[in-house]
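See structure below.
In what follows, chains carry the letters A, B, and so on, assigned in the order in which the sequence lines appear, proteins first and then strands, with residues in each chain numbered from 1. Bear in mind that the values here come from a model prediction, so they are computed numbers and not experimental data. FYI, side chains are in, hydrogens and waters are out, and symmetry mates aren't considered; it's all heavy atoms of this structure.
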Amino acid sequence: MNQKYMPQQIELKWQRYWEENDSFAATEDPSREKYYLLEMFPYPSGRIHMGHVRNYTIGDVVARYKRMQGLNVLHPMGWDAFGMPAENAAIEHGVHPAKWTRENIAYMRGQLKRMGFSYDWAREFATCDPSYYRWEQWLFLQMLEKGLVYRKKTFVNWCDSCATVLANEQVEQGDCWRCGKTVAQREQSGWFFKITDYADELLEFTDKLPGWPEKVLISQRNWVGKSYGAAVKFPHVGPHAAENDAIEVFTTRPDTLYGVTFMSLAPEHPLALALAKGTEHEAVVTAFVNKVKSEDKISRTMDDYEKEGVFTGAYVTNPLTGAEVPVYVANFVLMDYGTGAVMAVPAHDQRDFEFARKYDLPIQVVIQGEEPLDPATMTEAYVGEGVLVNSAQFNGTKNKQAIEDIAAYMDDMGIGGKTTNFRLRDWGVSRQRYWGAPIPVIHCDECGTVPVPEDQLPVTLPEDVEFPEGRVLPLANIPSYYETTCPKCGKDAKRETDTMDTFVESSWYYSRFACSDYDKGMFDRKRLDYWLPVDQYIGGIEHAVLHLLYSRFWVKVQRDLGLTSMDEPFTNLLTQGMVCKETMRCPEHEWLFPEEVEDGKCVKCGQPAAKGRVEKMSKSKKNVIDPEALIEAYGADTARLFSLFASPPELDLDWNEKGVEGSYRFLRRVWRMVADNADWLIDTTPYSEGKIEGRAKDIRRKTHDTIRRVTKDIETRFHFNTAVSAMMELVNELTSFKADSDTDRAVFREAVNALVTLLCPMVPHFSEELWEELGGEGQLLNAKWPDYDEAALAQDSMVVMVQINGKVRGKLEIPTGASQEDVEATAKADANVSKHLDGKKIVKVIYVPGKILNIVVR
RNA sequence: GCCCGGAUGGUGGAACUGGUAGACACAAGGGACUUAAAAUCCCUCGGCCCUAGGCUGUGCGAGUUCGAUUCUCGCUCCGGGCACCA
């Protein structure tokens, strides 16, 4: 056996072996329990980064562990291949997005293979494969038929720099999630998925996902944003009021209805202009509406945005009091929440209060708290609890009760009633980009919007396109693509030229992995029902709302289309933290690479370079570690081991070179320990258990305790860092153990075999090689995960800490099973303990068997 | 503003269900081996003190308890989600 650990050689050897033997191919087998493990698939950006290494290492450990537990494991990998960067690369380098994407995939596939991940590569696909998006288009048409997709003209989020529309979920604090530029509002037609139909169910099921981290569920609940309240119809009067015409509002505070003194409409509300039309107010209202519409979303939602409005000239009637109140258009009312119209109660809502003060509108108090309220002297709205006043028959009712009572009363009167409102908006999926899945519909002047017939799927993206002057033309500029004929009437018609949001592809890719024979049809229920749902999903927390919400929606749609029986796609979710590294910066040159710093100074200008914060690895901050360089220097196993050992998965991982060195050192230590004793470790002479005593017995106990701890840490909480440290402890014990007798050697052998097996999911090449050297049978990856022997864990003696008044005063080693009396007697005999007991009166004695004896004295 | 997390040595992090705080590593210091270096091995390593031993210590302040990193209440700071949401 080689005395030296040679990672490069070993790793390539086993990777070749796995590839040649299809070691990780998964087959449906109803007689075996399945385990579908999935990591969020990558965007093929060019090279893998440390975040991928971490994510996929965690996944690989679980996959290999479950496999050794005897489960039928599906562990696939693919590519989220559509999206903007491919178009940007085309613009910058004149390379076709498809070519760029394919080349990146080829390179990154090689990198993943070099990490030794146990993927079933036969199931690999890229979302830009027509054979993939063909089924996405088919699903789109199914949804269209069910009315779950619709087209509407509305105000959408527009990113100028990406030249496309964005979904609400893709706007972060008013900025584009990808490029960070400010998002504008634009009125435009587009396709929408009716995710709001599923708002209630998406919310309800957040209580039925015990395997998800609470913070992800909370984010999703916030995003769906259900609020309870009442819908109220205010009949309107005025120049354009038709009979039975009413403006509906949503309120969470029906208890304040008697305090309504005006109404506010969003500038985008269709009635805003309609009410003023033809009146003396028309010009003012039109000007105001246009002004507000031209402002972007961020400035409109700024804290100090001034509340302004104009009178429309119209009035509505308060359905409870019959009072007529004026209708305003106000810049702070949002069209996309509630109905876009708000009943204004200035006495009990701060925004309405400010508005009323500014435009001198009446303030009517209807809830009285402890202190008397006088509209004339109030300086802010009263939003606390209280008792109703000025509210007819509801006077004297507590306001919480009045919420119920008034809603019920309105229901009886047919003017409104209890309802709920959601923050969630429908998912806009139209993108005005080239590199995406085409939306399979045709626009015909005669027949309207016509779905592409199923036998004409897929509608493929034209690949033979030109890029004039470093531009990628959207499909709307490619006549050979959009010119077609109507499938219904045969006349000239135009294809839809929008492509789908890339989040559509990632909403269902996990189903595709479960169907390996694509040509036989995507929805092979036997395969789907066998593998799905995903048992364990692993990925970054940044998708807490976006991808994870869309996927949940998509599964519910598929279920209602009769395509799957699952309710939720991912039974268990693990969200891992980011990979971070310390940054270096210079007062003049901003971020520096480590090699740009010498003796703590910037090599460019000689000024002292300060250590920056530990931040997420990013090219711009020059703190990126290239996995490839790491593999070259230490091997994939060390990279894997360190990323597992440095911190538990959910926390951010702080990368430091010295830590990597430590993991490498550990592997070398294990290697040497085996190599030094290789001649007799291969021997298989059994030992008889009864003879094990003393140090050998301790070693054996440690071995089995290590099996117990490692299994528990992986199984119950994915804390690989403590699993690794348990194994390090075992190695520390083993290296100081002199195996002199046959029994000693047998115990040592058992320990080494267990260690190598336990290490297998984490450092598979290393373990496999040692397994072979030790004469192990077959492939270690198919070996059975070890069980621990309860009997071996038994201790001859136990350590009992002695406390006096809660302070540790002694440590006793006592035969296991000693009675409390024995323990107390031994404790009192202890010199230090008796010193502290001297002259004191024992008040109470608490004994926790095998752990602590606490003597309370006075 | 509302709703969630989190805070432990010089560093990453351990500590099961309230029972020895700091496992396992990294860094640092000291030593051994070596012509030297690398590698390896050994020792020390929260702070303070009268060093056998004692005091103190898990963001801060209270509380419950024989006993609190762990539970309760009130703060501070950091991170995250939502937010003119009617």
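Taking atom CZ of residue F720(A) and atom C1' of nucleotide A25(B), one finds them 18 Å apart after rounding to whole Å.
When both pairing distances are held under 3.5 Å, A62(B) makes a Watson-Crick or G-U pair with U72(B). For C41(B), the paired base is G31(B) (Watson-Crick or G-U wobble, both distances below 3.5 Å). Figure legend. U17(B) is base-paired to no nucleotide; pairs are counted as Watson-Crick or G-U wobble with both atom distances under 3.5 Å.
Residue N721(A) places at least one side-chain N or O under 4.0 Å from the OP1 or OP2 atom of A14(B).
Along RNA chain B, the nucleotide nearest E214(A) and the nucleotide nearest G338(A) are compared for position; the residue whose nucleotide lies closer to the 5' end is E214(A).
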Shorter than 3.5 Å, N or O on both sides, protein versus nucleotides 64-68 of chain B: list them out with atom names.
unit_1, atom_1, unit_2, atom_2, d
C66(B), OP1, K844(A), NZ, 3.4
C66(B), O2', N854(A), ND2, 3.3
C66(B), O2, N854(A), ND2, 2.3

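The base of C84(B) is paired with the side chain of K307(A) by a donor and an acceptor separated by under 3.5 Å.
Sorted by first and then second residue, the pairs that involve residues 209-227 of chain A and meet salt bridge (charged side-chain N to carboxylate O under 4.0 Å, His left out), not counting sequence neighbours, are D200(A)-K226(A), D207(A)-R221(A), E214(A)-R221(A).
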A correct 5'-to-3' footprint of nucleotides 39-53 of chain B, with B, S and - meaning base, sugar-phosphate only and no protein heavy atom under 4.0 Å, is SSS-----------S
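The pair K828(A)-E824(A) counts as a salt bridge, with a side-chain nitrogen and a carboxylate oxygen less than 4.0 angstrom apart.
Centroid-to-centroid, the aromatic rings of Y328(A) and F355(A) come within less than 6.0 Å.
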